[in-house]
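First the structure, in the form of structure tokens, and then the observations on it.
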Amino acid sequence: MPYWLFLFSTIFGRRMNKNRITELFGVKYPIVQAGMIWCSGWELASAVSNAGGLGIIGSGSMYPEILDLHVSKCKKATDRPFAVNLPMLYPDIDKHIETILKHKVPIVFTSAGNPKTWTQHLKDNGVTVVHVVSSVKFALKSEAAGVDAVVAEGFEAGGHNGIDETTTFTLIPAVKKELKIPLIAAGGVGSGRGMLAAMALGADGVQIGSRFVASEESSAHPKFKEKVVELKDGGTKLTLKELTPVRMIKNEFYQKIEEAYARDASVEELRALLGRGRAKKGMFEGNMEEGELEIGQVSSIIDEIKPAAQIVRDIVNEYEEALTELSSTKFKFS
Ligand code: NDP
Ligand code: NDP
């Protein structure tokens with residue numbers, strides 16, 4: 001290749017097809033599939049990685065030997081990078097760390113805890129570390145703890161969430177203003193247009209959960225996937241702030257929580273009402289009435305269960321389409 005062509009393609013290639021996130025993870029697209037308990041096992045993670053995004057195994061619902069099995073299967077199913085999400089509340093976290101290091105998992109997304117606890121140990125072992133936060137304060141704490149990137153997740157997101165109800169539209173520019181390391185936006189992103197909006201707000205990439213729950217490869221129960229497809233706007237609510245704030249579908253179990261609030265139930269009563277294994281009952285075993293069904297607001301625009309690779313392709317195409325449309329047809333000040 002002539003030198004001028006090499007220079008041209010390097011400069012423009014870098015500009016158009018690569019950014020800090022694709023380079024950090026070694027992936028084609030800055031699209032991350034969120035680690036989701038009971039929904040993101042090896043089948044989903046490997047499908048997303050094979051499609052050019054970054055797939056994540058959600059280890060919070062996996063006993064240590066199950067995580068070992070899923071990582072082994074994921075390594076066989078893809079030769080591209082993938083990650084494991086490690087919620088720091090997980091009771092046997094040391095065993096999960098051992099599994100991650102044993103299998104040389106290249107990337108770990110930590111969440112729900114202090115990023116100082118494990119970042120250095122993981123990085124000393126060559127792992128790229130990303131931490132999930134819901135505020136500017138914790139984004140900066142994560143940066144100080146030495147993580148390689150931050151996921152900032154807004155109020156729209158499904159499952160466990162920040163207490164302050166800061167929307168993605170507000171959170172991303174606020175974090176962007178302060179943070180030096182790469183920033184991934186999450187919460188309310190489920191399409192190419194959503195991704196473009198997040199990038200316009202300052203994100204280097206997006207993390208998408210709900211859209212991938214309704215994928216063929218997700219390990220969510222088929223009834224839960226159907227429910228996600230049926231949901232309209234207003235179908236979810238962030239609740240149980242006194243325990244761990246969580247966004248879930250307004251089903252019968254949710255109504256019981258509302259009744260408990262109406263009679264001014266104590267934190268202990270709420271904890272007893274939640275009990276153990278509600279998320280598994282709903283999302284994995286398909287009990288749509290009594291289970292805890294964690295999903296984001298963006299479920300209102302999800303209307304089909306698709307293969308994960310198709311979801312990635314659709315996001316990429318819609319992003320490109322919207323970008324062209326914006327530069328040609330939208331309002332301009334001059
Ligand atoms: P997998 O490798 O997918 O599963 C192996 C083991 O992992 C099983 O013990 C299974 O649970 C468990 N598992 C699967 N996904 C998760 C998750 N996200 N979180 C925690 N544990 C998980 O191989 P299989 O051949 O067992 O399953 C193939 C597919 O069948 C699964 O990916 C899923 O889509 C579906 N499946 C559905 C189930 C359900 O709806 N109740 C149960 C199992 C599988 P377990 O020991 O409870 O079977
Ligand atoms: P529960 O306490 O209600 O139940 C624990 C569930 O996790 C059970 O369904 C159990 O499966 C499964 N499990 C997997 N590994 C273990 C283990 N080593 N010890 C005990 N249980 C285990 O928890 P939730 O369902 O509400 O939450 C599940 C996980 O999600 C938590 O363990 C935590 O890691 C994570 N989490 C993440 C948050 C975040 O990312 N922000 C916030 C809160 C929780 P089984 O029924 O087969 O025994």
Side-chain angles (χ1 to χ4, degrees), residues 32-42 56-71 83-100 108-115 117-118 129-135 138-139 141-142 147 150-166 171 184 186-187 207 209-210 213 219-221 224 238-249 251 253-254 256-257 267-268 270-287 290-296:
V32 176
Q33 160 254 308
M36 299 168 288
I37 57 163
W38 300 117
C39 301
S40 61
W42 70 272
I56 303 189
I57 296 174
S59 74
S61 55
M62 298 181 177
Y63 280 95
E65 60 281 11
I66 298 289
L67 177 64
D68 196 294
L69 183 70
H70 279 249
V71 172
V84 168
N85 171 225
L86 200 56
M88 290 184 166
L89 301 169
Y90 185 77
D92 292 317
I93 194 159
D94 304 41
K95 290 190 185 136
H96 272 3
I97 299 263
E98 260 175 46
T99 304
I100 285 162
V108 165
F109 281 51
T110 51
S111 56
N114 190 333
T117 323
W118 287 104
V129 182
V130 181
H131 193 67
V132 184
V133 302
S134 57
S135 69
F138 285 112
K141 263 194 167 182
S142 307
V147 304
V150 159
V151 174
E153 188 178 69
F155 172 66
E156 299 91 322
H160 297 290
N161 204 323
I163 205 152
D164 294 330
E165 306 197 348
T166 309
L171 181 65
I184 301 168
Q207 179 176 280
S210 301
V213 168
S219 52
H221 193 280
F224 179 42
L238 185 74
T239 186
L240 291 179
K241 282 188 169 184
E242 298 77 1
L243 306 178
T244 330
V246 59
R247 179 176 297 285
M248 64 169 82
I249 294 178
N251 63 350
F253 169 57
Y254 170 79
K256 285 186 186 160
I257 298 172
V267 173
E268 288 68 35
L270 290 173
R271 204 182 305 282
L273 176 60
L274 176 63
R276 183 178 177 278
R278 281 265 180 199
K280 181 184 188 183
K281 188 183 269 185
M283 300 192 284
F284 202 59
E285 294 173 350
N287 187 331
E290 290 299 322
E292 181 184 303
L293 304 171
E294 301 177 8
I295 202 79

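Just so you know, ligand 1 is whichever comes first in the structure, and atom 1 is the first atom listed for that ligand. Here the structure is a predicted model, which is why all the values come from computation and not from measurement.
Of all protein heavy atoms, the one closest to atom 40 (O) of ligand 2 is Ser111 OG, 3.4 Å. In terms of protein heavy atoms, atom 19 (N) of ligand 2 is closest to Pro91 CG, 3.4 Å. Atom 27 (O) of ligand 2 has its closest protein heavy atom at Ile37 CD1, 4.0 Å. If you check which protein heavy atom lies closest to atom 38 (C) of ligand 2, you get His160 CD2, 3.6 Å. Atom 31 (C) of ligand 2 has as its closest protein heavy atom Gly60 O, 4.0 Å. Taking atom 16 (C) of ligand 2 as the reference point, the nearest protein heavy-atom neighbour is Tyr63 CE2, 3.4 Å. Ranking the protein heavy atoms by distance from atom 1 (P) of ligand 2 puts Gly277 N, 3.8 Å first. Protein heavy atom closest to atom 47 (O) of ligand 2, with residue, atom name and distance, is Lys280 NZ, 2.8 Å.
Residue Glu292 does not touch ligand 2, judged by heavy-atom distances below 4.0 Å. Proximity of Arg276 to ligand 2, defined as any heavy-atom pair under 4.0 Å, is shared by backbone and side chain alike.
At least one side-chain heavy atom of Phe253 sits less than 4.5 Å from a side-chain heavy atom of Leu273. Counting heavy atoms from C-beta outward, Trp118 and Val129 have side chains that stay 4.5 Å or more apart. Side chains of Ile56 and Gln207 form a contact here, defined as non-hydrogen atoms less than 4.5 Å apart.
Interatomic distance, NZ of Lys241 versus OG1 of Thr239, reported as 9.0 Å (0.5 Å rounding). The distance from atom CD1 of Ile57 to atom CG of Leu69, rounded to the nearest 0.5 Å, is 9.5 Å. From His221, atom NE2 reaches atom CD of Glu285 across 8.5 Å, with rounding to the nearest 0.5 Å.
For ligand 2, the atoms closer than 4.0 angstrom to any heavy atom of Asp92 are 18 (N). The ligand atoms of ligand 2 that sit less than 4.0 angstrom from a heavy atom of Ala112 are 38 (C), 39 (C), 40 (O), 41 (N). In summary, the atoms of ligand 2 found under 4.0 Å from a heavy atom of Leu89, numbered by their order in the structure, are 42 (C), 43 (C), 44 (C). The distance from ligand 2 to the heavy atoms of Ala279 drops below 4.0 Å at these ligand atoms: 25 (O). Close approach of ligand 2 to Ser61 is summarised as follows: ligand atoms under 4.0 Å from at least one heavy atom of the residue are 14 (C).
Less than 4.0 angstrom separates atom 24 (P) of ligand 2 from none of the non-hydrogen atoms of the protein.
Trp38 counts as a contact of ligand 2, since one of its heavy atoms falls under 4.0 Å from the ligand.
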* Given Leu240 and Met248, is the side-chain contact (heavy atoms from CB on, under 4.5 Å) satisfied, shown in steps? -> CA-CA 10 Å; Leu240 291 179; Met248 64 169 82; 4.1 Å; yes

* **side-chain contact (heavy atoms from CB on, under 4.5 Å) between Val130 and Val147, intermediate numbers included** => CA-CA 6 Å; Val130 181; Val147 304; over 6 Å; no

* Start with the C-alpha distance between Lys95 and Glu65, add both sets of side-chain angles, then the distance that settles salt bridge (charged side-chain N to carboxylate O under 4.0 Å, His left out), and finish with yes or no. => CA-CA 9 Å; Lys95 290 190 185 136; Glu65 60 281 11; over 6 Å; no

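Checked by distance only, ligand 2 and Tyr90 come closer than 3.5 Å through their nitrogen or oxygen atoms. The shortest N or O to N or O distance between Thr244 and ligand 2 is not below 3.5 Å.
Tyr90 and His96 have parallel rings, their planes meeting at less than 30° on a 0 to 90° scale where 60° marks the start of perpendicular.
A donor and an acceptor atom, one from each side chain of Ser111 and Asn85, are located under 3.5 Å apart.
Of the charged side-chain nitrogens involved, at least one lies within less than 4.0 Å of a carboxylate oxygen, so that Lys256 and Glu290 count as a salt-bridged pair.
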